[in-house]
Protein chains: 2
Amino acid sequence: MYGSTQVLEASHSPGADDLLAAYARLGEAPRQMNANCSLCSLRALCFASCLGEDELPRLERVVSQWRMIHRGDYLFRVGDKFHSLYTLRSGSFKTVAGHEDGLEHVSDFILPGETLGLGAIGSGQYDCDAIALEDSAVCIIPFASLESLCHDVRSVQHHLNQTLSREIVRSSRQMVLLSGMTAERRVASFLVDFSRRLLERGYAARSFTLRMTREEIGSYLGIKLETVSRTFSRFQREGLMRVDGKQIEIFDPEALAQI
Amino acid sequence: MYGSTQVLEASHSPGADDLLAAYARLGEAPRQMNANCSLCSLRALCFASCLGEDELPRLERVVSQWRMIHRGDYLFRVGDKFHSLYTLRSGSFKTVAGHEDGLEHVSDFILPGETLGLGAIGSGQYDCDAIALEDSAVCIIPFASLESLCHDVRSVQHHLNQTLSREIVRSSRQMVLLSGMTAERRVASFLVDFSRRLLERGYAARSFTLRMTREEIGSYLGIKLETVSRTFSRFQREGLMRVDGKQIEIFDPEALAQI
DNA sequence: CGAATACTTGAAATAAATCAAATAAGGTGG
DNA sequence: CCACCTTATTTGATTTATTTCAAGTATTCG
């Protein structure tokens, strides 16, 4: 778009990603296709980040396939046998954790560069549903191969450990939010956090589209959709942000962060 | 006590553990002492579980030290530089996650065989406080050494991955609880879960002592201490359990699980 | 374009928090 | 080892943040 400024709606990289996104939109792409880490714009966020140029081919042998998932489709479901981790290349996902009695909870929203399936390593079964919030593309990382690569390349093992550990810290933060914050702070926290994650990935942090519904945000934050809506409206009245359906503009991130 | 039935208050193993517990009570023990995985009764729960008899000495070189922590003392604090994971040998801990503005949350209770410090791997700093709920003993696992052992012994790496992943799943379950359950279900869920964990460790599951206060339970469950107390009283009135201060007896685990 | 889904807003209901006060348990120093 | 002070727990009365119910409006997507 304009030089280095990229927004979520725009294709976020030239080359292979564009092709993939275009295929996904058309719904005509082969279900899987070959990956190429060297050309990937998200290299810095995934396992490639800990490898030298010369080691990338080894990763490419592990992450040899892509897959496209259409909006609303499942990448995996609770209980599915675990074979692979997935790194999101484009699009976005929600993960939904269930409970015996139908109680459901949106446990996370996933942005490009983030990894899906970490909870399945321990049990051999995926522990949540992963559902695409828009047409998306994922790299397939067969876990057995990744473990072998870990064995050969220490930095990859280190990276996997770090990824898992960071996920634990993230959960822990979310629990502080769920256990003690007012609805207002939860919503503010969600907006600030989401904005920060977009920024880290090179997207516009002040103006973005929420791909998820108010109900999904509410579930993620442990409040009802009406409360999300009311709080958005209040923040708008107070001049902190502009809300136009799913289109959000943040005017005063500092004030939001301090709520 | 009676054959194979062991209760939390009793020493849970003969030999080294007893010695350690005795030292801890006296407060006269050396601050650190040598570990011996081969003799440890918790072997089945920790990293030793994935090693053969012949490989144990390698683990013992990594986990070469114990440490005793008195009730109320910190094993580590938020922000401390990360060097080691800790496996609890005896006693119990709480972990407390903080937030900039003083908002605190008891993120977990730790029982023997469980690991402390997993959240520090990613950032190099501990992400929570770990505070002993009673005089306790921990094995010190220097992380650099553990990573080396992971490199040499695949099963150790696999075990670390599994431990980290299981922690993610645990957090995720706790978030479902915190985001959607009534106070009554949270308390029931806590009791059932705590009882199950005791059972898995060979302690009495129907009758046990809560080492933490009502306030700490409330923080863990995202409710106030008065609500914990009232719910305990209600469950007692309904004949599901007996409450005598910190001493708990579960009469009807099935009914509790179904609440 | 039109049915279905998503969102906003108001009013009433409620689960849990807060405030308060009395009782019980636990740890410490004399 | 007991008395005392502190901390923890229970229980009741009141308040409140959020949910629930409801109804109208806007969006989305096939």
Side-chain angles (χ1 to χ4, degrees), chain A residues 9 25-27 70-73 94 103 105-106 131-135 177-190 209-238 241-248 259, chain B residues 9 25 27 70-73 94 103 105-106 131-135 177-191 209-238 241-248 259:
Chain A
E9 289 72 21
R25 275 193 296 275
L26 290 167
H70 287 100
R71 179 189 149 88
D73 285 348
K94 65 172 173 176
L103 187 60
H105 170 68
V106 173
I131 301 159
L133 293 173
E134 60 192 303
D135 291 349
L177 178 147
L178 290 172
S179 74
M181 289 188 189
T182 62
E184 188 174 52
R185 292 199 59 187
R186 295 183 199 203
V187 174
S189 182
F190 166 73
T209 302
L210 295 172
R211 284 336 224 285
M212 68 295 285
T213 66
R214 302 287 192 262
E215 186 167 22
E216 286 160 344
I217 297 171
S219 171
Y220 179 65
L221 297 175
I223 56 183
K224 294 292 158 189
L225 68 97
E226 292 94 332
T227 306
V228 175
S229 179
R230 275 186 247 273
T231 309
F232 276 180
S233 299
R234 178 140 29 92
F235 287 165
Q236 177 163 245
R237 241 177 286 129
E238 291 165 355
M241 65 186 291
R242 192 176 62 77
V243 185
D244 178 19
K246 292 188 144 54
Q247 187 60 36
I248 301 293
I259 279 171
Chain B
E9 289 71 20
R25 275 193 296 273
H70 287 101
R71 179 189 148 89
D73 285 349
K94 65 171 173 176
L103 188 60
H105 170 68
V106 173
I131 300 158
L133 292 174
E134 60 192 304
D135 292 349
L177 178 146
L178 290 172
S179 75
M181 289 189 190
T182 63
E184 188 175 52
R185 290 199 59 187
R186 294 183 199 204
V187 175
S189 182
F190 165 74
L191 289 167
T209 303
L210 295 173
R211 285 331 219 290
M212 67 296 285
T213 66
R214 302 288 190 264
E215 186 168 23
E216 288 160 344
I217 296 171
S219 172
Y220 178 66
L221 296 176
I223 57 183
K224 293 293 157 187
L225 69 97
E226 293 94 331
T227 307
V228 175
S229 179
R230 273 186 247 274
T231 309
F232 277 180
S233 299
R234 178 141 28 94
F235 286 166
Q236 177 164 245
R237 239 177 289 130
E238 292 166 354
M241 64 187 291
R242 192 176 61 79
V243 185
D244 178 18
K246 292 189 145 54
Q247 187 61 36
I248 301 293
I259 278 172

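Below, chains carry the letters A, B, ... as their sequence lines are ordered, and counting in each starts from 1.
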Basic-acidic side-chain contact under 4.0 Å: A:R234, A:E184: yes
Salt bridge between A:E134 and A:R71, side-chain N to carboxylate O under 4.0 Å? no
Side chain of A:A183 only, please: which of C:dA25, D:dT18, C:dA16 is the nearest? D:dT18
Take the protein atom CD1 of A:I223 and the nucleotide atom P of C:dT14, then report the distance between them rounded to whole Å. 21 Å
Please state whether the base of C:dT9 and the side chain of A:R234 form at least one donor-acceptor pair under 3.5 Å? no
Examine the base of C:dG27 for any acceptor or donor lying under 3.5 Å from a partner atom in the side chain of B:R71, and report the outcome as yes or no. no
Considering just the side-chain nitrogens and oxygens of [X], establish if one lies under 4.0 Å of OP1 or OP2 belonging to [N].
X	N	result
B:K246	D:dT9	yes
B:R230	C:dA16	no
A:S229	C:dT9	no

Mind checking if A:T227 touches a base, just sugar-phosphate, or nothing, with heavy atoms under 4.0 Å? base
Backbone N or O of B:M181 within a donor-acceptor pair of the B:R186 side chain at under 3.5 Å? yes
If you pin B:V228 and A:K224 to their nearest nucleotides in DNA chain D, which one's is more 5'? B:V228
